[in-house]
Amino acid sequence: MNEEPQTPSEDRTPREKERENGRRLRPVRYIALAGVYAALLTGGKEALAAIPNVEVVTLLCALGGYALGAVALASIAAFVTVEGAIYGFGSWIISYYVHWPLVCAAFMLIRIFVSPQRRVLLRVVPTAAALILTLGFSALTSVVDVGILGGATNAGFFERFAVYYVRGIPFYVAQLVTNAVLFPLVFPIIAKALIKAKTRFICT
C-alpha cells in the first residue's frame with residue numbers, strides 16, 4: 001500500500017512552522033513597530049508641550065536609533081509630519097526634518113561602537129552625544145529661522161543670527177539640563193528593555 005506523499009509544510013515541526021510564519025510577518029511587524037513608536041514620540045512631545053523646551057523627544061529619538069535601528073527613522077518622519085499637521089508647517093519644520101533623523105542616525109552609529117553590555121560607556125557616550133546634538137539643534141533652528149525670515153544672503157545675517165541665538169539661550173539651557181539629567185539616568189535601562197522587546201516582537 002503506497003503512502004501519500006507529505007507536503008513540505010506537513011514535514012515541518014510546529015516550531016519550524018512558527019518560525020516561518022514569523023519571517024512572513026516581519027515586514028508587517030516592522031510597520032506596526034514604526035507606528036507605535038511614532039505615537040510614543042508624539043505623545044511624549046505633547047505631554048511636555050506646556051513646559052518650554054523641557055522635552056523627551058531627544059531621548060526618544062536617541063533610544064529609537066540605538067535600540068530599533070532604521071525603523072525609528074520612519075517613526076521620526078511620521079512624528080514630524082504629525083507635528084506639522086498639529087502646529088502648521090512653519091519654518092521650524094525644516095529643522096525638525098533635519099535634526100531628529102540626525103539624532104536617530106547618530107545613535108545608530110553609537111550602537112555599532114558601544115554595546116549594551118558596556119555600562120559606563122552606555123551612560124557617558126550617549127549623554128555627551130545628546131548634549132552636542134542639542135547644541136547643534138539650537139544653532140540649526142537659528143540659522144533656518146533667520147535665513148528664511150531675513151534671507152541668508154542679505155547683509156547683516158550674522159548679526160541677526162547672533163541676536164536671535166542669544167534670545168533663545170534660556171530655552172537651549174533648559175534642553176541641555178533636561179538631557180544631561182535624563183540620559184545618564186534612564187538611557188541604559190530603557191535601551192536594553194527596548195532591544196529585548198524588539199527582538200521578541202520581530203523574531204517570534
Side-chain angles (χ1 to χ4, degrees), residues 30-109 126 129-183 186-187 190 194:
Y30 275 116
I31 293 169
L33 182 60
V36 169
Y37 208 73
L40 180 63
L41 282 162
T42 303
K45 165 68 168 57
E46 296 308 313
L48 295 176
I51 309 174
N53 279 39
V54 175
E55 48 88 21
V56 293
V57 178
T58 301
L59 177 65
L60 292 175
C61 289
L63 285 167
Y66 186 86
L68 305 182
V71 69
L73 290 171
S75 302
I76 292 168
F79 156 70
V80 175
T81 304
V82 169
E83 289 296 296
I86 293 173
Y87 295 103
F89 291 88
S91 61
W92 59 272
I93 201 77
I94 299 173
S95 301
Y96 270 41
Y97 273 123
V98 172
H99 178 73
W100 299 126
L102 180 62
V103 173
C104 181
F107 277 80
M108 289 169 62
L109 185 63
L131 296 180
I132 292 169
L133 287 164
T134 301
L135 286 172
F137 180 63
S138 61
L140 173 65
T141 53
S142 297
V143 167
V144 169
D145 290 343
V146 172
I148 290 177
L149 294 176
T153 58
N154 291 347
F157 169 80
F158 291 104
E159 290 81 359
R160 286 183 283 109
F161 168 80
V163 172
Y164 194 91
Y165 188 88
V166 169
R167 287 176 59 189
I169 285 178
F171 298 99
Y172 308 146
V173 170
Q175 282 185 316
L176 287 168
V177 171
T178 300
N179 291 324
V181 172
L182 281 179
F183 270 80
V186 304
F187 183 88
I190 301 177
L194 273 177

J.: Check side chain to side chain donor-acceptor pair (under 3.5 Å) between T58 and all other residues, then give those that pass, not counting sequence neighbours.
T.: E55

J.: Taking all non-hydrogen atoms of both residues into account, name the closest pair between W92 and D145 and its distance.
T.: N-OD1, 4.3 Å

J.: Just wondering, are more than 12 heavy atoms of other shown residues or ligands nearer than 6.0 Å to CZ in F89?
T.: yes

J.: Calculate, to the nearest 0.5 Å, the distance between atoms CG and OG1 belonging to L59 and T178 respectively.
T.: 10.5 Å

J.: Please name all residues satisfying side chain to side chain donor-acceptor pair (under 3.5 Å) with T134, sequence neighbours left out, ordered by chain then number.
T.: N179

J.: What residues form a ring pair (Phe, Tyr, Trp, His ring centres under 6.0 Å) with F187, not counting sequence neighbours?
T.: Y66, F107, F183

J.: Nearest 0.5 Å, what's the CD1-OG distance between I31 and S75?
T.: 11.5 Å

J.: Examine distances only and state if a side-chain atom of Y37 and a backbone atom of L60 form a donor-acceptor pair shorter than 3.5 Å.
T.: yes

J.: Pairs under 3.5 angstrom only: tabulate donor-acceptor contacts from the side chains of residues 93-101 to other protein residues two or more places apart or in another chain.
T.:
unit_1, atom_1, unit_2, atom_2, d
Y97, OH, T81, OG1, 2.7

J.: Kindly write out the residues that satisfy side chain to side chain donor-acceptor pair (under 3.5 Å) with E83, not counting sequence neighbours, or none if the list is empty.
T.: K45

J.: List the steps, then state whether side chain to side chain contact (heavy atoms under 4.5 Å, CB included) holds for L133 with F137.
T.: CA-CA 6 Å; L133 287 164; F137 180 63; over 6 Å; no

J.: Kindly write out the residues that satisfy ring pair (Phe, Tyr, Trp, His ring centres under 6.0 Å) with Y172, not counting sequence neighbours, or none if the list is empty.
T.: Y165

